[in-house]
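Basis for what follows: all heavy atoms, side chains included, without hydrogens, waters or symmetry-related copies. Since this is a predicted model, take the numbers as computed values, not measurements.
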Amino acid sequence: MADRLDQPREQGLRLRPHYDPEAFGQLSERIARFLGTARFLVYMTVFVTFWVLWNVFALEVGRFDPYPFIFLTLMLSLQASYAAPLILLAQNRQDDRDRIQNELDRAAAERNQADLEYLTREIAALRIALGEVATRDYLRSELQRLQEDLQRPGEEPASQPGAPQPTL
């Protein structure tokens, strides 16, 4: 019988081990972060130095990896073969986080652009509306002109053409 895609699979015997990808990814990031530190380099230098000194100066019975240190080479190759995929996994996870952050930033930038365009249109509309309103400077100049007209004794205030004349 073919597997149906609309129904979950029945739990059966699994030959593959099950692991939590998120927990494994977090562990790989911690390891990759540690491998990129000076502390790791110091630890590896101390480890290799101790290994070499032990196998050069120890008694013949205590030497477990005589020169040319083939077992040390094997250990370092094993460490490198595990470190490289862990670093790549950590980089892939970081790339995924960066991609999601870039998408969020792009969406925020689009919202900001739309807000900016809206505010620009509103300011333009206000400027057009204010063009039809008397400004403070205009009112001030008119009041000063009237005050000057009133301060001149015996002269009639200058009438503006089109201005309503007071009726007595």
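Between L76 and M44 the shortest heavy-atom distance is CD2-CE, 3.2 Å. Looking at every heavy atom in both residues, A90 comes nearest to A32 through CB-CB, 3.7 Å. Listed here is the closest heavy atom pair of L41 and T45: O-OG1, 2.7 Å.
Relative orientation of the F40 and F34 rings is perpendicular, given thresholds of 30° and 60° on the angle between their planes. Ring geometry for F71 versus F64: interplanar angle over 60°, hence perpendicular rather than tilted (30 to 60°).
No side-chain donor-acceptor contact under 3.5 Å links W54 to the backbone of D65. Under a 3.5 Å cut-off, the side chain of T73 and the backbone N or O of F69 do form a donor-acceptor pair.
By the 4.5 Å heavy-atom criterion applied to side chains, D20 and Q26 are not counted as neighbours. You'll find the side chain of L89 reaches within 4.5 Å of the side chain of F24, heavy atoms only. Looking at heavy atoms from C-beta onward, L86 lies out of side-chain contact with L35 at the 4.5 angstrom threshold. Proximity of D105 to Q101: side-chain heavy atoms (C-beta onward) are separated by under 4.5 Å at one or more points.
Hydrophobic clustering, with ILVMFWY side chains joined whenever heavy atoms are under 4.5 angstrom apart, groups V48 together with F50. M75 is connected to Y67 through a chain of hydrophobic side-chain contacts under 4.5 Å among Ile, Leu, Val, Met, Phe, Trp and Tyr, so both are in one cluster. Residues Y118 and I123 do not share a hydrophobic cluster, defined by chaining ILVMFWY side chains whose heavy atoms lie under 4.5 Å apart. In terms of hydrophobic clustering, with Ile, Leu, Val, Met, Phe, Trp and Tyr side chains grouped at heavy-atom distances under 4.5 Å, F57 and W51 are assigned to a common cluster.
Rounding to the nearest 0.5 angstrom, the gap separating the CG atom in L74 from the OG atom in S81 is 9.0 Å. Note that CG of N92 is 11.0 Å distant from CZ of R99, once rounded to the nearest 0.5 Å. To the nearest 0.5 Å, atoms CD (Q144) and CZ (R140) are separated by 7.5 Å.
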- Query: Does the side-chain contact (heavy atoms from CB on, under 4.5 Å) test come out yes or no for Y43 and F47, once each step is laid out?
  - Reply: CA-CA 6 Å; Y43 288 165; F47 174 77; over 6 Å; no
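Using modelled atom types, one finds a donor on one side chain and an acceptor on the other under 3.5 Å when comparing E117 with Q113. Inspection of the Q91 and D95 side chains reveals no N or O donor paired with an N or O acceptor under 3.5 Å.
Counting non-hydrogen atoms of other residues, nucleotides and ligands closer than 6.0 Å to CZ of R97 gives a total above 12. Other residues, nucleotides and ligands place no more than 12 heavy atoms under 6.0 Å from the CZ atom of R127.
Between R145 and E148 there is no salt bridge, since no side-chain N of the basic residue sits under 4.0 Å from a carboxylate O of the acidic one. R93 has no carboxylate O lying under 4.0 Å from a charged side-chain N of D96, or vice versa, which leaves the two without a salt bridge. Taking a cutoff of 4.0 Å between a charged side-chain nitrogen and a carboxylate oxygen, E110 and R106 do not qualify as a salt bridge.
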